[in-house]
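Notes to accompany the following structure.
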Amino acid sequence: MPYSIHPDEGYTVDADAVDYLDDTLVDGGDRWVLNFGPQHPATHTTLRIILQLDGERVVRAIPHCGYLHSGFEKLGEHHDYNQYVCTISRMDYISPIVNDVAWHHAAEVLFGIDLTPRCKVVRTILAELGRIQNHLLCVGAAALDLGAFTGFLYGFNERERIYDILDFLFGQRFHPDGTRVGGMMRDIPDMDVFRTMVRNFIDVRLPKAMKDIETLLNTNRIFIDRVKDVGIISEEEAIAWSLSGPLARASGVKRDLRKDEPYLCYKDNWDGQGAEAVKFDVPIATHGDCLCRYLVRLEELRQSRRIIDQLIDNIPDGPIDSDPEGKTRLPDKGDVYGSIEATIQHFELVMTNRGWDTPVGECYGAIEGPNGELGYYIVADGGRCPWRVAVRPPSFINYQTFPKMFEGHQLADLVAVLGSINVIAAELDR
Amino acid sequence: MIDEQLAPQKDVGSNHPVLKAVKEAFPELRLSATVFRGQTTLLVSRDALHQVMRFLRDDARCALNFLSDVTAVDYLGYPVEQPGRFAVVYLLASVSLKTRLTVKTYLNPSMDTSGNADDPELIVDTVTDIWPGAEWREREVYDMFGIRFRGHPDMRRILLWHDFPAFPLRKDYPLRGRGEREHYRILKRDAT
């Protein structure tokens, strides 16, 4: 078809005449078609699933993506390596700080930058806070979708403390956009306040919330009946379907990038003086059902707490930016107005025809996000913006197994499975 | 601290353990590899891609059983000359050996790339029969680049609607679009 943007000459969108509906899912006989979403409380955001039902049993399910597609990858080709953090932060909005850390981890792999020990510790703490943030929502939402609103609020309440910490560090509670190439947006404003806030969260608030959630759900007959033996994925299937993160580990896949391809403080000798990697265990379950996913996430919360506990009192002094001349990030505003060097540096970075030397090459950098392997494949052309940024979004890849998990189950199991995958539509559609 | 080494190194004799195994198994193929930042990329021709991928998964020395991602790159106007306009990129990982390998294959279009027509040259064998998890990733590559996958069970667009008039991640598609939003037909409730 030659190119045309005028609907009269070209395309029509008629929801009733879409071929895949006609071919695969037809009303008739004992079976009927149900449209689930895109606007439904249990779909969290905008997910649409077309279901073919036999009574109350799901025979076939076809998910439809794209309702939130906003061209993030195309935008990445027109934003420089620091700007783009504001875009990717909007992907997994449950734990935005993890996106920031992941993007700049990939950018630093591309540039070959080694971070300062202080920056590594701060980023590790933030990444683990992000994981807690994500898992608190997910274990809560698993209960919410099954009708237990209280469990959801126990978790959701405590996420507010993490927002407070991010607000204190970066001045923005929801999307901090806190990382920069080779460093952070700014250093920690006050170490004592930061330490007190984090300590209060991991020592007081988090254990209490987890105890509340566990008391409410772990031996709750109604909850267990709804999630046990529902949505089973075996280990072989999990690997074949490219599952990663808690979803894969609940099926017995021994894979955690923090252990397998260590980065930041998960790596031995991270400070260059022989410091040991942070100690934590990777929880693995073998049954691969919704209950296992819930339990794996609960245990990961505990392990994240343990990682932060090891680091928070030992944040090294020294600069937070690896480049002392600040070639890769905007200098502080005070310096810009106070010194000619910083003014020049500011202009060098702001002018669209300037920027710093970047390599020509392609590489992939990934971290263990809360939902799985969150990676970026960057193609750099030597200019100020990447040539191409390809995201490996864990939600998208995990979500494609979703129909396989509950086909044959009851319709009500759909929400239980959906809650256990923790699919985030903004990351799904990008 | 930015690395001085700005250009990718051509390193055919790289010491990635997989390369030797692949070379032994496919002596008749012309394979090459590049190394950048310690990451090895294996370049495979389009025709040999499927058998090489199956070998990489099944051979015990490679054991690259985890398909991390499938994506594509458009090199129109890229400053360094490439063997083709498009590249399909497969990021492989090994769950047991903890190794990684990137596999790339290049394609050249045979017709104008601005529309949404199916180009007979932009087609690769699917890997969904090796890793079923490639299904949606390949659909996304088709959606964004118009590269189709031969043998794919469900070759439809995934993020955009099915007759979107272009493939938006191609470099000749402008950032702000070509006015699809402004010209999009509005469906009214009382439309006849």
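Lettering of chains follows the sequences in order, A, B, ..., and the numbering in each one begins at 1.
- Using a 4.5 Å cut-off between heavy atoms, R100(B) touches chain A through its side chain atoms alone.
- Heavy-atom pairs under 4.5 Å with chain B were tallied for V181(A), D381(A), V391(A), L68(A); the largest tally goes to D381(A).
- Residue contact with chain B, scored on non-hydrogen atoms closer than 4.5 Å, is absent for E237(A).
- With a 4.5 Å cut-off on non-hydrogen atoms, R139(B) does not touch chain A at all.
- Only the side chain of A93(B) comes within contact range of chain A, with at least one heavy atom under 4.5 Å from a heavy atom of that chain.
- Under 4.0 Å is where a charged nitrogen must lie from a carboxylate oxygen, and between R54(B) and D129(B) at least one such pair does.
- Remark: aromatic rings of Y263(A) and Y266(A) are close, center separation under 6.0 Å.
- By number of non-hydrogen pairs under 4.5 angstrom with chain B, the leading residue of E108(A), H69(A), K74(A), R255(A) is K74(A).
- Neither the backbone nor the side chain of L97(B) comes within contact range of chain A; no heavy atoms are under 4.5 Å apart.
- Contacts of Y67(A) with chain B are absent, with no heavy-atom separation under 4.5 Å from either backbone or side chain.
- From R37(B), atom CZ reaches atom CZ of F111(A) across 9.0 Å, with rounding to the nearest 0.5 Å.
- Of the two parts of I397(A), only the side chain, counted from C-beta on, holds a non-hydrogen atom closer than 4.5 Å to a non-hydrogen atom of chain B.
- Between chain B and the residues Q400(A), R388(A), H78(A), R392(A), the most heavy-atom pairs under 4.5 angstrom are made by Q400(A).
- Here CD of E135(B) is found 13.0 Å from CD of E140(B). Values are rounded to the nearest 0.5 Å.
- Q39(B) touches chain A through its side chain: at least one heavy atom from C-beta onward sits under 4.5 Å away, while N, CA, C and O do not.
- Ionic pairing of K120(A) and D271(A) is not present here: no N-O contact between side-chain nitrogen and carboxylate oxygen is shorter than 4.0 angstrom.
- Of the listed residues (W387(A), W241(A), Y377(A)), the one with the most heavy-atom contacts under 4.5 Å to chain B is W387(A).
- A salt bridge between E24(B) and R61(B) is present, with a side-chain N of the basic residue lying under 4.0 Å from a carboxylate O of the acidic one.
- Salt-bridge annotation for E368(A) and K259(A): absent, with no side-chain N of the basic residue lying under 4.0 Å from a carboxylate O of the acidic one.
- Using a 4.5 Å cut-off between heavy atoms, A248(A) makes no contact with chain B at all.
- Contact of E373(A) with chain B is made through the side chain alone, with heavy-atom distances under 4.5 Å.
- Between the side chains of D112(B) and S114(B), at least one donor N or O sits under 3.5 Å from an acceptor N or O.
- Contacts between I158(B) and chain A at a heavy-atom distance below 4.5 Å involve backbone atoms as well as side-chain atoms.
- Only the side chain of V89(B) comes within less than 4.5 Å of a heavy atom in chain A; its backbone stays farther off.
- Ion pair R258(A)/D256(A) flagged as a salt bridge, since at least one NZ, NE, NH1 or NH2 atom sits closer than 4.0 Å to an Asp/Glu carboxylate oxygen.
- Side-chain contact of E138(B) with T126(B): a donor-acceptor pair under 3.5 Å is present, judged by distance alone.
- When the candidates P168(B), P79(B), S68(B) are compared by the number of heavy-atom contacts under 4.5 Å with chain A, S68(B) comes out ahead.
- For D74(B), the part lying under 4.5 angstrom from a heavy atom of chain A is the backbone only.
- Nearest heavy-atom pair, S244(A) versus G372(A), reported as atom, atom and distance to 0.1 Å: OG-CA, 3.5 Å.
- A donor atom on one side chain and an acceptor atom on the other are found under 3.5 Å apart for E427(A) and S395(A).
- For chain A, the nearby parts of L67(B) are the backbone and the side chain; heavy atoms of each come within less than 4.5 Å.
- Residue contact with chain A, scored on non-hydrogen atoms closer than 4.5 Å, involves the side chain of T102(B) exclusively.
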